[in-house]
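Notes to accompany the following structure.
Residue numbering restarts at 1 for every chain, and letters A, B, ... go by the order of the sequence lines.
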2 protein chains.
Amino acid sequence: MGKPRRAPTAEDVARLAGVSRTTVSLVLNGVVGVRIPEETRRRVREAAARLGYRPHAAARHLVRGRAEVIALVLRQTPDQVFADAFLPEVLRGLSRVLRKAGFHLLIFPLSPDHPPEETVALLQERRVDGLILSGPRFEDREWLARWSQETPVVLLGRLSDTPIPSVDVDNVQAAAEAVRHLIRLGHRRIGLITNAPLSYTASYERWLGYRQALEEAGLLYEEAWVAFGAFTPASGAAAMEQLLRLPDPPTAVFAASDVVAFGALQTIRRHGLRVPQDIAIVGFDDVPLSAYVDPPLTTVHLPAEELGLHAGHLLLRWIEEGRPPTQEIRLATGLIIRQSCGAGGGA
Amino acid sequence: MGKPRRAPTAEDVARLAGVSRTTVSLVLNGVVGVRIPEETRRRVREAAARLGYRPHAAARHLVRGRAEVIALVLRQTPDQVFADAFLPEVLRGLSRVLRKAGFHLLIFPLSPDHPPEETVALLQERRVDGLILSGPRFEDREWLARWSQETPVVLLGRLSDTPIPSVDVDNVQAAAEAVRHLIRLGHRRIGLITNAPLSYTASYERWLGYRQALEEAGLLYEEAWVAFGAFTPASGAAAMEQLLRLPDPPTAVFAASDVVAFGALQTIRRHGLRVPQDIAIVGFDDVPLSAYVDPPLTTVHLPAEELGLHAGHLLLRWIEEGRPPTQEIRLATGLIIRQSCGAGGGA
DNA sequence: CTGAAAGCGCTAACAA
DNA sequence: TTGTTAGCGCTTTCAG
């Protein structure tokens, strides 16, 4: 009862097994090229098991210079968190690769109310082996540049003109594909509701894809047909309202995120219009619930778990190889055709 | 360029400031009751700043015996992750309190494919100061009991008959309130779609609340009126299907999670029935999107961020005070009346 | 008020 | 093949 205050150390194991600490370390770490009799190994392992010995990660860190920890910095604002239904999935993909490599995940929410420097300082104290920044922002470029000279980083999302490896989807192509679908269905007046201000890379790129598809098809880009959403359904609802007030409203709209699309759907309903008969909608993200709104939303699938997985891979490679992989991974998206555009997607 | 291989240590700071390591430590940690001239303090601080010195967390951990890290163990299966739209919010609440106390958050997904022992081992190596288990399961009782003798734990969710502090909502009352709302609106034939098998505490308790409300009102509990969902909208859709096939289907149903309710809504639509005119629905959780389905879902609000916040508080208290707070915190829920029951909630 | 010294638990270079 | 030794970077008595 009064015994196990202190966790067993390698020393304890050594004593119990009747060997030295070195031997314990050698055996337990499975160091190769050392010929230790099976009998000794067995004794050590048994002693360790009996004591419930676990090496102390901090001590190991200190001497090996490796924390075996990477940090996930969440750059999401509260509004974005709300929009971000796939954090759990990203986490799953990420932690799967990490665990296999023996790494652990430290979470750092970096909301706008904390200056990045403060978080950077904390990260430094922790001596993490690497860092994944989810949802990088323009303001982050400076500290990232500095940081990436010392420690591996990978971006989940994108930042233009930076040599930092990143993983993301090809937003331009994905958005263009969504809009092309609308065009293919005969729409000529196609509106856009952005998912966020264009200062966000993803929003900007989706806007670009929208323009590109229009241009390919020889359709005019009309300023009036783009309305700005900002993460929330409410913002999507307002944007749709604005589009509907136009003298000749679009017959279809590309909502650059599902969440924003949900708001748009609501507005449309409130105006007594029907989707897709009166107006077609295509979303972006394929959040789990998009299949369950009315009508089920045609949307662009975002492979959340794979994003996490690849980010982890890339970071681990940098850590192992000691130099940046200089890679931009662009994961494929796919258009999921459901019923909000009136094509396929059976009842 | 070839310089900053090694991070500056306290030694470096001491040298630059022309003092000893002790002094550096004393000054930088703001140890009280030590009279060091302001001038010396200034010099130390300046040297530290100039070098960009950051104390090494692992070294500190080793000597102080405190990691300043707590672990969040996610017990969610993939299906649950899907259902769990509020992980980000919980995270936000949690990391807010932790940061204030100088603690960090290590994430451990504990999916069913890893034996708990393995994760426990990893947790031990990390020597975390405490642990929050989100979504505890019956099978966890054993290792939890053992663990909690050594290290603080708090449950996010509930496990019956355990002395481990926990924070949760009062599912029984919350569910009862939802059902009472239906009864108040005149419904007598009220069905239940569970959010998960009853082996899950939350499901069980919501089922209990359902029964309780029925009983209070003198209504009969009918086996046939409870259908089992399992996390996903698809399961909710199937459950609703089953209810609708009954000779005399319920006129209202309490879906024990919004996600499951979304599936139910879809089934109802497919049957050409209308909500709330033909059938009323009340959900549970108040996930962000529940206000944006058609019709907006009346539901029970789950205070996700506060759950995280309180869990953090409780854990920190245990860590600071050295003994379990023996507390069960039950956070208040509230019925959010929207339009899926045909009462209030204006258009 | 400040410095010297010990030691947290572990690994790894070096001897024996 | 195994043991001895020297730190990793920090805090913290204990002397000066």
Table please: side-chain donor-acceptor pairs of residues 121-133 of chain B below 3.5 Å, with sequence neighbours left out.
| unit_1 | atom_1 | unit_2 | atom_2 | d |
| --- | --- | --- | --- | --- |
| B:R126 | NH1 | A:H104 | NE2 | 3.4 |
| B:R126 | NH2 | A:A67 | O | 2.3 |
| B:R127 | NH1 | A:R54 | O | 3.3 |
| B:R127 | NH1 | B:Q124 | O | 2.8 |
| B:R127 | NH2 | A:R54 | O | 3.1 |
| B:D129 | OD1 | B:A67 | N | 3.1 |
| B:D129 | OD2 | B:A67 | N | 3.2 |
| B:D129 | OD2 | B:E68 | N | 2.4 |
| B:D129 | OD2 | B:V69 | N | 3.1 |

Could you give the side-chain donor-acceptor pairs of residues 303-316 of chain A under 3.5 Å, partners two or more places apart or in another chain?
| unit_1 | atom_1 | unit_2 | atom_2 | d |
| --- | --- | --- | --- | --- |
| A:E305 | OE2 | A:R96 | NH2 | 2.3 |
| A:H310 | ND1 | A:E306 | O | 3.0 |

Let me have the donor-acceptor pairs involving side chains of residues 154-161 of chain A, under 3.5 Å, with sequence neighbours excluded, atom names and distances please.
| unit_1 | atom_1 | unit_2 | atom_2 | d |
| --- | --- | --- | --- | --- |
| A:R158 | NE | A:E205 | OE2 | 3.1 |
| A:R158 | NH2 | A:E205 | OE1 | 3.2 |
| A:R158 | NH2 | A:E205 | OE2 | 3.1 |

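Taking the 5' to 3' direction, DNA chain C first and last meets chain B under 4.0 angstrom from a heavy atom at C:dC1 to C:dG9.
The distance from atom CG of B:L105 to atom CD1 of A:I107, rounded to the nearest 0.5 Å, is 6.5 Å.
Partners of A:H56 by ring-ring contact (aromatic ring centres under 6.0 Å, His included), not counting sequence neighbours, listed by chain and number: B:H61. Remark: A:Y53 engages no residue in a ring-ring contact (aromatic ring centres under 6.0 Å, His included) (not counting sequence neighbours). A:T40 pairs by the side-chain hydrogen bond (donor to acceptor under 3.5 Å, both in side chains) definition with nothing, not counting sequence neighbours. Under the rule for a side chain to side chain contact (heavy atoms under 4.5 Å, CB included), the partners of A:R137 that lie at least two apart in sequence or sit in another chain are A:R75, A:T77, A:Q80, A:E139, A:D140, A:Y200.
Remark on the helix from C:dC1-D:dG16 to C:dA16-D:dT1: inter-end axis angle 50°, axes from five-pair C1' superpositions, rounded to 10°.
Applying the salt bridge (Lys or Arg N to Asp or Glu O under 4.0 Å) definition to pairs two or more places apart or across chains, those involving residues 19-30 of chain B are B:E11-B:R21. Sorted by first and then second residue, the ring-ring contact (aromatic ring centres under 6.0 Å, His included) pairs with a member in residues 121-158 of chain B form an empty list; sequence neighbours excluded.
Close to D:dT1, at under 4.0 Å from its OP1 or OP2, lies no side-chain N or O of A:T40.
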query = How does each nucleotide of nucleotides 8-16 of chain D score, in 5' to 3' order, for protein heavy atoms under 4.0 Å: base (B), sugar-phosphate only (S), or none (-)?
reply = BBBBB----
